[in-house]
Protein chains: 2
Amino acid sequence: MAAPKDPRPCSIADALAIVGEKYSLLVLREVCLGNGRFDQLVRNIGAPRDVLATRLRRLVDAGVLTKRAYSERPQRFEYRPTQAGLELEPVLMTLKEWGDRHLRDGTDLPMVVEHTCGNELIPVVTCRSCGAPVHHEDLTAHPQAEGWTVSGPTAA
Amino acid sequence: MAAPKDPRPCSIADALAIVGEKYSLLVLREVCLGNGRFDQLVRNIGAPRDVLATRLRRLVDAGVLTKRAYSERPQRFEYRPTQAGLELEPVLMTLKEWGDRHLRDGTDLPMVVEHTCGNELIPVVTCRSCGAPVHHEDLTAHPQAEGWTVSGPTAA
DNA sequence: TCCGTGAGTTGGAAAATCAAACCCTCCCCT
DNA sequence: AGGGGAGGGTTTGATTTTCCAACTCACGGA
């Protein structure tokens with residue numbers, strides 16, 4: 001599904017080629033919650049079974065999920081996130097936070113995630129070097145490879 | 001594109017219904033970089049023009065982008081992120097960081113973003129309450145609405 | 001033996017994507 | 001006054017995907 005001729009080498013595009021197809025991130029949501037069985041996924045995501053089967057294959061191939069038997073005889077499988085899959089959870093949480101704020105009014109959330117610190121998790125994306133929350137106006141893009149041209153306020 | 005019968009009320013699913021279609025997040029990447037004109041988008045994203053036109057309409061309707069004329073006579077338009085759109089940039093940066101680490105080997109990046117602090121931006125998703133980086137094992141899901149059942153290690 | 005469950009696969013209609021061509025409005029050049 | 005762009009799309013028709021319901025297969029239990 002990678003764009004046939006995306007002229008920009010870009011990790012965002014590459015990441016989306018893996019997890020950007022319909023349902024893929026919802027699969028990840030479910031496996032991170034521990035709901036990794038095929039029928040659970042079908043029910044909880046609402047995806048067609050065949051599409052789901054295709055996605056699962058792709059995510060396993062990409063190293064985001066693993067498929068393991070939780071029972072031989074009868075053979076029964078379960079999908080679980082790999083380390084790489086777990087490391088996508090922050091993306092999910094950030095997306096959830098955006099949705100909570102912009103698509104609901106921030107109250108009456110369908111689901112709350114609690115952090116070990118004892119509080120509700122409200123994810124904040126920060127700069128590793130300085131710790132400050134990331135805002136658009138603090139960023140400057142620096143193309144390192146061919147194919148990049150940027151203009152406007154964020155440009156280098 | 002919302003899943004016809006996603007049984008779970010979920011801000012992740014809702015957010016993906018807005019920005020989860022093919023190319024939508026790449027459009028956002030471009031408009032955040034200041035490349036908001038139709039032909040720039042076509043070139044930089046590599047999307048078919050008709051699909052792009054559809055996405056742009058959708059993103060404008062959803063309040064993530066605005067369309068403004070940067071020239072009357074000849075009428076010429078430009079798409080720009082709204083506040084809500086800009087607030088998706090952290091999601092993009094987090095996704096980029098994941099891609100940089102897992103899809104490239106962390107070196108030789110096609111593009112580097114600099115933070116005002118003077119360093120390369122490496123986004124870290126943290127808990128707003130305690131400031132700690134978010135890891136899977138520190139999270140507990142608490143369903144607040146019908147439709148949720150969780151099992152396994154992350155379950156409540 | 002018949003029923004149910006889990007984990008998919010198959011078949012065919014409906015929708016979305018793709019690529020290329022086309023259109024319209026304006027501007028500029030001569 | 002005619003011709004040639006450029007920008008911002010729309011149209012057309014072929015190709016892919018999605019969707020959904022039904023089906024399969026392997027077991028285990030009553």
Side-chain angles (χ1 to χ4, degrees), chain A residues 1-7 13 16-27 30-31 34-62 65-80 149 151-152, chain B residues 1-7 13 16-27 30-31 34-62 65-80 149 151-152:
Chain A
M1 173 203 157
K5 51 179 186 204
D6 183 348
L16 288 172
I18 308 285
V19 294
E21 288 170 304
K22 200 172 177 181
Y23 305 120
S24 295
L25 285 175
L26 296 180
V27 168
E30 290 302 316
V31 298
N35 302 326
R37 308 188 183 171
F38 192 84
D39 275 23
Q40 285 178 319
L41 292 169
V42 168
R43 276 193 300 281
N44 295 339
I45 296 173
R49 311 172 75 80
D50 57 343
V51 174
L52 192 53
T54 307
R55 292 295 177 275
L56 289 169
R57 259 185 300 263
R58 201 166 158 39
L59 291 171
V60 168
D61 288 358
L65 262 42
T66 49
K67 178 181 187 175
R68 354 169 303 155
Y70 65 87
S71 144
E72 315 287 336
R73 322 204 40 70
Q75 281 228 315
R76 292 294 137 81
F77 302 102
E78 181 189 18
Y79 294 89
R80 303 166 116 277
T149 42
S151 39
Chain B
M1 173 202 154
K5 52 181 184 201
D6 183 348
L16 288 172
I18 308 286
V19 295
E21 288 171 302
K22 199 172 176 181
Y23 305 119
S24 295
L25 285 176
L26 296 181
V27 168
E30 291 301 317
V31 298
N35 302 327
R37 307 188 183 170
F38 193 84
D39 276 22
Q40 284 178 318
L41 293 169
V42 168
R43 275 193 300 280
N44 295 340
I45 296 174
R49 310 171 75 79
D50 57 341
V51 175
L52 191 54
T54 307
R55 291 294 177 277
L56 289 168
R57 260 187 299 263
R58 203 167 154 40
L59 291 170
V60 169
D61 287 358
L65 300 183
T66 48
K67 179 181 187 174
R68 355 168 301 155
Y70 65 86
S71 144
E72 315 286 337
R73 325 206 37 70
Q75 281 228 314
R76 292 293 137 82
F77 302 102
E78 180 188 21
Y79 294 88
R80 304 166 114 275
T149 40
S151 38

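Numbers restart at 1 for each chain; the letters A, B, ... are given by sequence-line order, proteins then strands. The structure displayed is predicted, hence computed values, not measured ones.
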Asker: Whole Å only: how far is the CZ atom of A:Arg68 from the C1' atom of C:dA7?
Answerer: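 After rounding, the reported distance stands at 16 Å.
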Asker: Could you state the CD-P distance from B:Gln40 to D:dG9, rounded to the nearest angstrom?
Answerer: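 B:Gln40 atom CD is separated from D:dG9 atom P by 13 Å.
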Asker: Is A:Arg57 close enough to C:dT9 that one of its side-chain N or O atoms is under 4.0 Å from OP1 or OP2 there?
Answerer: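 Looking at the OP1 and OP2 atoms of C:dT9, one of them is under 4.0 Å from a side-chain N or O of A:Arg57.
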Asker: Is the shortest side-chain heavy-atom distance between B:Arg58 and B:Asp61 below 4.5 Å?
Answerer: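 No - every pair of side-chain heavy atoms lies 4.5 Å or more apart.
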Asker: Can a side chain N or O of B:Tyr79 be found less than 4.0 Å away from OP1 or OP2 on D:dG9?
Answerer: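 For D:dG9, OP1/OP2 do have a side-chain N/O of B:Tyr79 under 4.0 Å.
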Asker: Would you say the side chain of A:Phe38 lies within less than 4.5 Å of the side chain of A:Leu56, judging by non-hydrogen atoms?
Answerer: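 Of all side-chain heavy-atom pairs linking A:Phe38 with A:Leu56, at least one is under 4.5 Å.
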Asker: If I take atom OH in residue B:Tyr70 and atom P in nucleotide D:dA6, what distance separates them, rounded to the nearest angstrom?
Answerer: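 Taking OH of B:Tyr70 and P of D:dA6, I get 13 Å after rounding.
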Asker: Round to the nearest Å and state the distance from A:Leu41 atom CG to C:dA7 atom P.
Answerer: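 About 9 Å, once rounded to whole Å.
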Asker: Can you give me every donor-acceptor pair (side chain of residues 67-79 of chain B, partner residue at least two apart or in another chain, under 3.5 Å) with its distance?
Answerer:
from, atom 1, to, atom 2, distance (Å)
B:Ser71, OG, B:Pro74, O, 2.6
B:Glu72, OE1, B:Gln75, NE2, 3.0

Asker: Please report the closest heavy-atom contact between A:Ile18 and A:Ser24, naming both atoms and the distance.
Answerer: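 Smallest interatomic distance, heavy atoms only, reads O-OG, 4.3 Å.
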Asker: Can you sort out the partners of A:Asp39 under side-chain hydrogen bond (donor to acceptor under 3.5 Å, both in side chains), two or more places apart, ordered by chain and number?
Answerer: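 Per chain and number, A:Asp39 pairs via side-chain hydrogen bond (donor to acceptor under 3.5 Å, both in side chains) with A:Arg49.
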Asker: Is there side-chain contact between A:Val19 and A:Val27, with heavy atoms separated by less than 4.5 Å?
Answerer: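 SC-SC contact between A:Val19 and A:Val27 ruled out.
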Asker: Taking atom P of D:dG9 as reference, at what distance in whole Å does atom CG of B:Leu56 sit?
Answerer: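 About 7 Å, once rounded to whole Å.
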Asker: In whole Å, I'd like the distance from the CD1 atom of B:Ile45 to the C1' atom of D:dG8.
Answerer: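 Rounding to the nearest Å, CD1 of B:Ile45 and C1' of D:dG8 are 15 Å apart.
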Asker: Kindly say whether B:Lys22 contributes a backbone atom to a donor-acceptor pair with the side chain of B:Arg55 at under 3.5 angstrom?
Answerer: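 Yes; judged by distance alone, with no hydrogens or angles, the pair exists.
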Asker: Could you state the CZ-C1' distance from B:Phe38 to C:dC24, rounded to the nearest angstrom?
Answerer: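 So the CZ-C1' distance, B:Phe38 to C:dC24, works out to 14 Å.
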Asker: Can you tabulate the close N/O pairs, meaning under 3.5 Å, that link protein atoms to atoms of nucleotides 10-17 of chain C?
Answerer:
from, atom 1, to, atom 2, distance (Å)
C:dT17, OP1, B:Arg55, NH2, 2.5

Asker: Between atom CZ in B:Arg58 and atom P in D:dG9, what is the gap in whole Å?
Answerer: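 After rounding, the reported distance stands at 18 Å.
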Asker: Mind checking A:Phe77 for me? I need base, sugar-phosphate or nothing, with any heavy atom below 4.0 Å counting as a touch.
Answerer: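 Contact class for A:Phe77: sugar-phosphate only.
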Asker: Quick one, A:Arg80 and A:Val31 - any side-chain contact, counting heavy atoms below 4.5 Å?
Answerer: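 No - every pair of side-chain heavy atoms lies 4.5 Å or more apart.
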Asker: My understanding is that only residues two or more places apart in sequence, or in another chain, count here; which of them pass side-chain hydrogen bond (donor to acceptor under 3.5 Å, both in side chains) with B:Glu30?
Answerer: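 By the side-chain hydrogen bond (donor to acceptor under 3.5 Å, both in side chains) rule, B:Glu30 matches A:Arg8, B:Asn35, B:Asn44.
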Asker: Which parts of nucleotides 25-30 of chain D does protein reach within less than 4.0 Å, heavy atoms only, written one letter per nucleotide 5' to 3' as B for base, S for sugar-phosphate only and - for none?
Answerer: -BSS--
